[in-house]
Amino acid sequence: MKALMPSFNYEKAAKAQEIMANLIDDVGLSDRKYEKILGLDASYLNDLSCSVAVLYNARKGKVIKVSSALLKNKVPYVPGFLGFREASAFLASAQEIDLSDVDLILVDGHGRFHPRLAGSAVQVGLVLGKPTVGVAKKPLKAEKIDERGYVWLKGRVVGKVLNEPKGAKRLYISVGNEISLEDAFEVVKLLRPGKGLPVPLNIADRLSRRLMEYALRRSEKGYIRRFGLRRKQAS
DNA sequence: GCGACAG
DNA sequence: ATCTTGTCGC
């Protein structure tokens with residue numbers, strides 16, 4: 001059977017992740033203020049990904065700017081290699097955002113909480129050279145999650161479980177780049193007034209879905225032809 | 001062979 | 001991620 005992407009080599013990708021893991025700055029600047037936050041999330045349909053970037057002013061509680069990108073996926077989803085599939089989509093959606101105007105980037109997915117300590121948030125953080133945090137709804141394999149919610153992997157702390165506010169679904173927070181785990185945890189906690197995702201990610205999540213639906217509805221104007229989609233069979 | 005396994 | 005009906009709860 002023909003591989004989906006002959007040029008993608010998982011062994012080399014794993015090596016690249018190990019290199020990236022060594023480049024992470026998990027200290028950051030201690031006096032940093034995180035006011036303008038960029039949230040990155042994506043939804044999927046067949047071979048398409050729709051990524052949305054939401055720039056949010058946390059102090060004013062207002063959205064500053066939104067941008068998006070609809071792309072054809074080049075890499076299949078394989079656990080542990082998600083970054084190679086969706087980092088390009090994230091970066092494309094953030095193309096029109098002025099990064100000098102961004103204090104922190106929230107990525108839907110893991111950061112250092114990853115088998116090779118280099119999840120998609122690490123990848124985005126290193127490419128953009130910005131403080132980045134991974135926010136995931138499900139855990140990856142961990143060696144231990146202690147009573148204070150710290151996630152352990154390879155003998156070190158790689159993430160922290162966010163259980164607030166009360167009754168909210170747990171989120172797994174980890175460093176992407178240029179920030180400490182404690183700062184990452186506190187920022188996400190402040191950005192989560194309700195039970196859902198932190199505000200910028202919540203907005204990006206809902207928008208990416210709506211934009212994908214929009215793209216499908218107007219598929220007769222070229223999306224199906226351009227991307228090779230097929231309508232679902234009526235049953 | 002079976003289970004694990006972000007989005 | 002996405003596919004999906006009814007159902008429990010604020």
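Only heavy atoms go into these numbers, but all of them, side chains included; no hydrogens, no water, no symmetry mates. Bear in mind that the values here come from a model prediction, so they are computed numbers and not experimental data.
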*asked:* Return a single string for nucleotides 1-7 of chain B, one symbol per nucleotide in 5' to 3' order, where B is base contact, S is sugar-phosphate-only contact and - is none, cutoff 4.0 angstrom on heavy atoms.
replied: ----BBB

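- When all heavy atoms are compared, the tightest approach of L117(A) to V122(A) is O-CG2, 4.1 Å.
- Ion pair R112(A)/D26(A) flagged as a salt bridge, since at least one NZ, NE, NH1 or NH2 atom sits closer than 4.0 Å to an Asp/Glu carboxylate oxygen.
- Relative to the six-membered ring of Y150(A), R156(A) misses at least one condition, a distance below 6.0 Å or an angle of at most 45° to the axis.
- Ion pairing between a basic and an acidic side chain is recognised when a charged N comes within 4.0 Å of a carboxylate O; D103(A) and K36(A) show no such pairing.
- Annotation for V54(A) and P200(A): closest pair CB-O, 3.8 Å, computed over non-hydrogen atoms.
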